Amino acid sequence: MTRTASAAGAEKATGRADDGTPVLEVTDLNVVFPGSARNPDIHAVRGVSYTVRPGEVLGIVGESGSGKSVSSMAAMGLLPDYAQVTGSIRLHGEELLGLDDRAMSAKRGNAIAMVFQDPLSGLTPVYTVGDQIAEAVQVHNPKATKQEAAERAVELLELVGIPEARRRYRAFPHEFSGGMRQRVMIAIAIANDPDLIICDEPTTALDVTIQAQILEVLKTAQRETGAAIVMITHDLGVVAGFADRVQVMYAGRLVESGSVDEVFYRSRMPYTMGLHGAVPHVTTEEKRPLVPISGNPPSLADLPPGCPFSPRCPIAVDACREAEPDLLPVGAEGHAAACVRAAEIEEQGWGVADVYPVPEIPPAEAAQRPRAERETVLAVEDLVKHHPLMKGAVFKRRVGTVYAVDGISFDIAEGETLGLVGESGCGKSSTLLEILSLDRPQSGRVEVLGRASGTGTARDKFAIRRNVQVVFQDPMSSLDPRMPVFEIIAEPLRTHGFPKADLPGRVSELLELVGLDAEQASRYPQHFSGGQRQRISIARALALEPKLLILDEPVSALDVSIQAGVVNLLDELKARLGLSYLFVAHDLSVVRHIADRVAVMYLGKIVEIGGVDEVYESPAHPYTRALLSAIPVPDPRVEREREHIVLTGDLPNPASPPKGCVFHTRCPVFAALGAEEKEACLSIQPAAEPTGTGSGDHAAACHYPDRAIGS
Amino acid sequence: MFLVRRLVNYMVLIFLASSFAYLLAATTLQPRAYFEQRQPPPSQEAIEAQLNDLNLNDEVPLAQRYGVWVSGVVQGDFGQTIKDQSVNEEMSRKAGVTLRLITVGTVLGCAVGISIGAYAAVRQYKRFDRYSTWAAFIVLSVPTVVIAVSLQVGAVWINDLTGKQLLQYGGEYTAGLDAGFWGTLLDRLQHALLPTLTLTISLFAAFARYQRNMMLDVLGADYVRTAMAKGLTRRRALFKHALRTALIPTITYFTFTFGVLLAGTTFTEKIYGWHGMGAWVVDSIVQNDVNSVAAVTCFMAVCVMAASFLSDILYAWLDPRVRVS
């Protein structure tokens with residue numbers, strides 16, 4: 001550490017003396033975004049009060065639009081000028097609200113720092129990462145020379161785990177991966193030894209293995225600076241392992257707060273309970289339907305009277321609709337909930353199952369028969385998709401190959417769900433598009449309903465199409481905004497010559513099937529929420545009664561409480577209509593819940609495939625093991641005892657995959673091997689071998705599948 | 001290597017453009033008519049001799065004339081003007097005039113445009129933004145001719161008011177003036193003021209609109225928020241992070257504009273009586289001056305190509321994301 005920087009640290013250390021003053025004290029915070037002309041005001045934060053004590057980690061949980069980010073942006077003084085902020089925000093007892101930009105900028109990045117959600121756009125593209133860190137050092141230590149600031153920046157880069165920090169100092173943001181950019185953001189945040197770091201969804205945009213890395217870095221950062229951390233997230237798992245205290249926000253209000261254990265195990269507010277019930281756990285074997293919270297979060301411009309959660313609450317009584325309940329102590333010390341019936345819940349000791357009706361989902365009929373007897377809906381054999389990498393504007397030339405899909409095989413039986421999981425860039429989407437194209441693959445075979453792709457005439461292809469339908473990830477952009485819902489759903493029917501007179505009936509039937517009101521068919525997609533739009537997408541996909549539904553991250557853009565409803569719907573449709581799913585996702589918990597079999601992809605190859613329970617209970621491939629261990633579980637006790645396998649580094653460039661086993665560069669098993677044993681990994685790409693466990697169709701592509709990790 | 005290939009491409013394009021211009025001019029313009037109209041009318045033999053001399057005789061096959069022209073051009077000689085002066089000399093003189101005219105005007109117009117545009121973006125929908133938007137759209141919708149003439153009228157009014165020839169609006173300098181170095185400089189400045197202002201005004205509008213849009217794109221960018229979270233004041237974050245990024249496309253646009261204007265300020269030059277490239281385009285066509293037309297076209301092509309080449313290089317230099325490794 002340079003002299004100036006450490007001197008600044010020492011100065012602040014005195015101010016940090018433990019005299020009981022909270023680092024941050026927010027009292028009755030209100031934020032209103034005034035509406036223009038015809039739009040009503042948005043009351044984003046409504047009377048929020050909380051404190052952050054020195055060195056503690058406070059988790060703030062809520063869905064999008066709950067006001068969790070806005071309230072922390074207010075503390076940073078980063079809200080736009082037109083936002084009306086009232087109440088009080090004190091940093092070490094000093095009032096921050098009302099400070100002008102100059103005074104506020106002296107605090108920002110110095111005493112209070114922030115890490116944002118999207119690392120890809122968070123760094124200025126035209127400056128080197130080193131200069132951007134050095135700038136943060138210099139702006140608060142004007143006496144530090146350029147040299148000193150640069151030295152400090154290198155130190156910080158090392159601290160956040162960037163290898164070859166001195167050389168990487170001069171790299172530009174676009175040369176860094178998302179995870180590395182987030183490390184740089186953290187380096188900027190801790191550059192001046194802040195007392196409080198606000199992390200706004202710091203890992204939401206990242207893959208699980210990278211998320212595990214970043215959470216480790218944050219823990220290091222906290223150890224080094226002794227700062228308190230406010231962790232804002234929608235992921236209960238992240239909070240469970242990381243936070244000391246949790247508070248839950250809904251519709252701009254705090255609805256529950258308390259220690260992690262209290263809030264997780266003894267929730268006293270139905271909304272918090274709903275959140276717990278709505279997320280699938282990666283560790284639970286038993287397949288119970290998820291508990292969806294009905295309805296949608298209220299609009300902050302037009303809140304219902306009374307408790308804002310009452311329209312969605314299964315145990316709401318008349319009193320709930322009269323006045324909004326205050327956040328009052330309930331149960332153990334420090335635990336508070338804003339619910340009229342909190343005392344009752346406390347007394348009766350109600351849990352999720354007591355409050356929420358658990359939906360009944362019948363088991364699929366086809367799944368009763370053994371797999372071997374069922375028809376194979378989709379068979380993929382040695383599928384290859386290589387994209388040429390071109391360079392040059394006028395004269396294009398091939399400079400390399402992206403091995404997007406590199407020889408994968410799997411099949412899906414009737415009534416079965418195969419989950420295809422992997423991190424971004426592993427080739428999941430390419431696989432899916434290759435199957436959907438129904439063209440002859442570059443190499444290998446794709447067989448849909450027994451017919452090999454690329455063999456028949458255009459007519460055959462057209463006929464096959466009605467049996468393979470797709471639902472895309474983003475329900476906002478995958479529906480034509482200028483088509484009413486009726487047209488969207490009727491379009492595939494018309495294309496395939498469905499009798500015109502029966503159209504309205506069929507569309508209503510489909511809308512009801514996915515749980516929407518048939519009367520809404522004349523409205524446009526923008527009138528629907530994200531979850532409803534995804535239901536419309538599903539209705540459209542089901543219009544032609546397909547056999548196989550390809551789902552490309554169908555729930556990852558949705559809030560947890562909405563996600564549960566869609567997942568349940570998919571489960572139910574599968575059972576009722578005898579569908580088969582190819583379910584592509586990066587969220588392993590959802591896959592565990594919905595899939596029968598799972599295939600794990602890494603760099604264009606399937607490294608492990610098998611029945612869901614076998615793969616999740618006894619993963620054989622080190623990558624699968626790391627992946628599963630990286631997922632934070634929304635259960636504080638389990639999470640505290642779990643040991644995470646944190647993979648080093650990023651996904652290698654798919655244009656130049658490592659020789660031999662593609663995973664060896666990041667493999668923890670490989671790292672512990674002797675030189676002779678390493679030889680195999682370095683030279684031979686292992687083929688998928690049956691692991692010998694379970695029913696026999698569990699296979700992993702690893703030379704040493706039975707080695708322990710971390711010995 | 002990449003740049004060399006690019007350059008070769010450009011050379012080919014420039015050659016094609018000039019050749020087409022020559023062929024078009026040689027088939028449609030009538031230099032013979034120019035000589036026949038002379039007073040007193042020269043003899044038929046004299047006209048023939050002149051035309052042959054200048055490689056303009058329409059009775060010589062086109063291919064042959066083109067051959068003579070090309071062999072000259074390859075050696076860097078664009079032939080003679082219809083008044084039997086060297087096209088090369090004429091061109092360099094006129095290019096100098098244009099350069100003196102547009103350098104200050106474009107730089108100033110661009111600078112003013114960028115500052116107004118950037119500030120208007122920061123104050124979006126506030127008073128400054130509304131007024132500057134109005135001003136820019138009014139200028140954009142008024143042809144340069146009108147601006148130039150209005151400025152002249154204004155100059156006459158001011159001159160009348162003060163009773164002195166404060167502002168000059170004809171020619172580049174007062175002919176035959178002998179006032180020493182400072183006197184000459186002042187005289188030139190007096191002459192340059194109005195045309196420069198004309199250019200500045202017409203350019204500012206485009207640049208202000210362009211920069212405003214570029215700036216609005218980056219204002220809400222996450223990295224500006226990051227800069228503020230570091231402890232920069234809003235103003236500094238906007239200057240150092242937002243404006244720096246938003247300037248990249250504007251600067252390359254500027255380079256391009258400059259290149260185009262080198263032979264494109266016809267109206268300003270004609271109205272203020274500056275004998276630059278822009279005015280020459282029109283003059284040479286009126287005079288049926290085939291060689292000059294071809295030369296001007298070649299010059300234009302070179303300017304546009306050079307400008308786009310330069311703006312590409314500038315872009316790569318300014319934006320690390322597209323920098324060639």
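Convention: sequence-line order gives letters A, B, ...; per-chain numbering from 1. Note that the coordinates shown come from a computational prediction; the quantities given were computed from them, not determined experimentally.
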Give the interface residues of residues 177-187 of chain A toward chain B, defined by a heavy-atom separation under 4.5 Å.
A:Met185

Leading residue by heavy atom contact count with chain B [cutoff under 4.5 Å; candidates A:Pro173, A:Ala136, A:Pro125]
A:Pro125

As an exercise: rank A:Val139, A:Val126, A:Thr128, A:Val115 by heavy-atom pairs under 4.5 Å with chain B and give me the winner.
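The candidate making the most pairs under 4.5 Å is A:Val126.
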
Test side chain to side chain contact (heavy atoms under 4.5 Å, CB included) on B:Leu108 and B:Phe204; report intermediate values, then the result.
CA-CA 8 Å; B:Leu108 209 66; B:Phe204 121 85; over 6 Å; no

Could you tell me whether the side chain of [X] and the main chain of [Y] form a donor-acceptor pair under 3.5 Å?
{"X": "B:Thr106", "Y": "B:Phe258", "answer": "no"}
{"X": "A:Asn192", "Y": "A:Ala111", "answer": "no"}
{"X": "B:Thr297", "Y": "B:Ala21", "answer": "no"}
{"X": "A:Asp118", "Y": "A:Leu120", "answer": "yes"}
{"X": "A:His140", "Y": "A:Arg108", "answer": "yes"}
{"X": "B:Asp319", "Y": "B:Tyr315", "answer": "no"}

Quick one: which residue pairs count as a salt bridge (charged side-chain N to carboxylate O under 4.0 Å, His left out) with a foot in residues 129-139 of chain A, not counting sequence neighbours?
A:Glu135-B:Lys230, A:Glu135-B:Lys240

Max heavy-atom pairs within cutoff under 4.5 Å with chain A, candidates B:Thr245, B:Asp222, B:Ile248, goes to B:Asp222

Chain B contact via A:Gln132 - which portion, at a heavy-atom distance below 4.5 Å:
both

